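What follows is one structure encoded as structure tokens, with my remarks underneath.
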Number of protein chains: 2
Amino acid sequence: MRADARRNYDRIVEVAREVFREQGYDASLDEIAKRAGVGPGTLYRHFPKRENLLDAVMQSWVDRVNEAVAKALTHEGSDRELLLGWFEEYVRLISVHRGAPAKITSAMGDPDSPIMTKCQVLARANDRVIEHLREDGAIRDGVETLQVCRLVGGVATVADQGDLDPDAVRPMLAVVADGLLR
Amino acid sequence: MRADARRNYDRIVEVAREVFREQGYDASLDEIAKRAGVGPGTLYRHFPKRENLLDAVMQSWVDRVNEAVAKALTHEGSDRELLLGWFEEYVRLISVHRGAPAKITSAMGDPDSPIMTKCQVLARANDRVIEHLREDGAIRDGVETLQVCRLVGGVATVADQGDLDPDAVRPMLAVVADGLLR
DNA sequence: CCACGATACGGAGACAGTCTCCGGTTAGCA
DNA sequence: TGCTAACCGGAGACTGTCTCCGTATCGTGG
């Protein structure tokens, strides 16, 4: 990759992260290009689909997911607290900007999605938490971890789209947790 | 309202219901106008916002909601079965077309939404089921019915957007039900 | 150091969807 | 039947998506 291309690529991603946060995932791509000081053609060559841009924007996000799961697993306290704490973190993690929870959660099952690798990181993080609790015999039989991602993702999605504040989200996550725990 | 206006109104609603079902809630409104044999101006005069059209489309839907809740309440069997059956029906009811679950669920808390009255019908239906179970002492303390709508709506939303089939939805609803029941 | 080919740029513009405005038409009453 | 308020419809302004291709730039091999 040529040096000028790399420069533009990085700049676009940086600007996109900012604009997505300001205006949500529906933001105009041409405006992102403009703000990044490049033509639309340049943006679309690097990122043929909107989701490719999202994927690039989420690159740095992977580290935060791994940190969060590590922290969750060292939690001292009841299983319920651990699970609930992780769910809250999960919601926070996927709520990078307006529209993100829906996008991420619906890509969760799709192997062809451009953001697949990011979803896998998240799914694996969630797996570790659930399996950790399952070893304690704390999880009901027949629970699949992908379901858990979808359930919590669903809560994050409605919170995002109805812009609820975190105080309204917590009790919903508690219901999900209670439904999973023995 | 003049007779020709009424005729156009009805025709637009009828066509919109069809097109939304075919193409989802993102369908082109100009195309709906065209198919209904009217100009865009006519459509936008009757329905200034897309949601106004949705509201009209859902008019006939109200009856089905009321029938469904009546049927659910007469259910013979365990509380869990009753609740789960209602949830499945709830999901089916709000999945009128692609995009509908998200739209309806996010409007659930907004008193200014054009589809507010429809949401109220749904919320009240859900209330009746939950309160019925609460009288039996079957529901955990601290559960609010609006949360229930959002949770089940969230499941429907992820199912819609990730187009999962009903077999994948059922276990998620079961988790929610278990989280609500004592 | 420079010339040249591969690589990348960027903006004009085609296309699609939203929504408005207003000249022309029509319903329905007197 | 004639009049007026109500209504129609489509041209077109505007915004966002995405492509194409002439032009510019990078970086390498001589």
Side-chain angles (χ1 to χ4, degrees), chain A residues 1-57 97-100 102-103 106-107 112-115 161, chain B residues 1-57 97-100 102-103 106-107 112-115 161:
Chain A
M1 194 175 196
R2 240 166 64 173
D4 55 343
R6 165 100 270 155
R7 220 164 24 236
N8 280 330
Y9 182 100
D10 290 342
R11 182 139 182 63
I12 290 168
V13 171
E14 190 186 354
V15 169
R17 187 159 26 228
E18 193 178 306
V19 174
F20 282 163
R21 197 143 42 200
E22 279 174 22
Q23 310 182 15
Y25 188 55
D26 295 331
S28 160
L29 296 186
D30 276 24
E31 195 198 313
I32 291 174
K34 196 172 292 178
R35 275 219 225 174
V38 303
T42 301
L43 189 149
Y44 284 99
R45 195 167 346 93
H46 286 304
F47 309 101
K49 316 198 80 174
R50 186 180 284 269
E51 286 188 333
N52 297 121
L53 184 52
L54 177 59
D55 187 63
V57 161
H97 54 248
R98 209 157 30 76
K103 203 74 214 157
S106 69
D112 300 330
S113 169
I115 60 168
Q161 290 174 358
Chain B
M1 195 176 195
R2 242 167 62 173
D4 54 344
R6 164 101 269 153
R7 221 168 19 240
N8 280 330
Y9 182 101
D10 290 342
R11 182 137 182 66
I12 291 168
V13 171
E14 191 185 353
V15 169
R17 185 155 32 226
E18 193 178 306
V19 174
F20 282 163
R21 196 143 43 200
E22 279 174 22
Q23 310 183 14
Y25 188 56
D26 294 332
S28 159
L29 296 187
D30 276 24
E31 195 198 313
I32 291 174
K34 196 172 292 179
R35 275 219 224 174
V38 302
T42 301
L43 188 149
Y44 285 100
R45 195 167 347 93
H46 286 304
F47 309 101
K49 317 198 79 175
R50 186 179 286 267
E51 286 188 332
N52 297 120
L53 184 51
L54 177 59
D55 187 62
V57 162
H97 53 250
R98 209 156 29 77
K103 204 76 214 156
S106 68
D112 300 332
S113 169
I115 60 169
Q161 291 174 357

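Everything numeric in this text was worked out from a predicted model, so none of it was measured. Every chain is numbered from 1, with letters handed out A, B, ... down the list of sequences. Any value given below was found using the heavy atoms of this structure, including those in side chains, with hydrogens, waters and symmetry copies removed.
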Spacing between [X] atom [atom1] and [N] atom [atom2], to the nearest angstrom:
X	N	atom1	atom2	result
L43(A)	dA8(C)	CG	C1'	14 Å
R35(B)	dG17(C)	CZ	P	13 Å
E31(B)	dT18(C)	CD	C1'	14 Å
Y25(A)	dT17(D)	OH	C1'	14 Å
H46(B)	dC7(D)	NE2	C1'	8 Å
D26(A)	dT18(C)	CG	P	14 Å
M1(A)	dC26(D)	CE	P	14 Å
I32(B)	dG17(C)	CD1	C1'	12 Å

Does [X] have any side-chain contact (heavy atoms from CB on, under 4.5 Å) partners at least two apart in sequence or in another chain, and if so, which?
X	result
D10(A)	R6(A)
S106(A)	Q161(B)
Y44(B)	L29(B), D30(B), P40(B)

- Query: So, do H97(B) and K103(B) sit near enough that their side-chain heavy atoms are less than 4.5 Å apart?
  - Reply: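 Contact flag for H97(B)/K103(B) side chains = no.
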- Task: Measure the angle between the two terminal helix axes of the helix from dC1(C)-dG30(D) to dA30(C)-dT1(D), five base pairs each, and quote it to 10°.
- Result: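 Here the helix ends are tilted 10° relative to one another.
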Interatomic distance, [X] atom [atom1] to [Y] atom [atom2] [nearest 0.5 angstrom]:
X	Y	atom1	atom2	value
M1(A)	N8(A)	CE	CG	8.5 Å
E18(A)	R35(A)	CD	CZ	5.5 Å
R45(A)	I12(A)	CZ	CD1	8.5 Å
L53(A)	R17(A)	CG	CZ	10.0 Å

- Item | Residues R11(B), V38(B); criterion side-chain contact (heavy atoms from CB on, under 4.5 Å); working and verdict | CA-CA 9 Å; R11(B) 182 137 182 66; V38(B) 302; over 6 Å; no
- What residues in residues 3-23 of chain A put a non-hydrogen atom under 4.0 Å from any atom of DNA chain D?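 When residues 3-23 of chain A is checked for heavy atoms under 4.0 Å from DNA chain D, the hits, listed by number, are A3(A), D4(A).
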Under 3.5 Å, which N/O atoms of the protein pair with N/O atoms of nucleotides 18-24 of chain D?
| residue | atom | partner | partner atom | Å |
| --- | --- | --- | --- | --- |
| dC18(D) | N4 | D30(A) | OD2 | 3.3 |

- Under 3.5 Å, is there a donor-acceptor pair between the side chain of N52(B) and the main chain of K49(B)?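 Such a contact is found between N52(B) side chain and K49(B) backbone.
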- Query: Does dT18(C) have OP1 or OP2 sitting under 4.0 Å from an N or O in the side chain of S28(B)?
  - Reply: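 Affirmative; the distance criterion is met.
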- Message: Given F47(A), which partner from the list V13(A), V57(A), L54(A), D55(A) fulfils the side chain to side chain contact (heavy atoms under 4.5 Å, CB included) test?
- Response: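 Testing F47(A) for a side chain to side chain contact (heavy atoms under 4.5 Å, CB included) against V13(A), V57(A), L54(A), D55(A) leaves exactly one candidate, V13(A).
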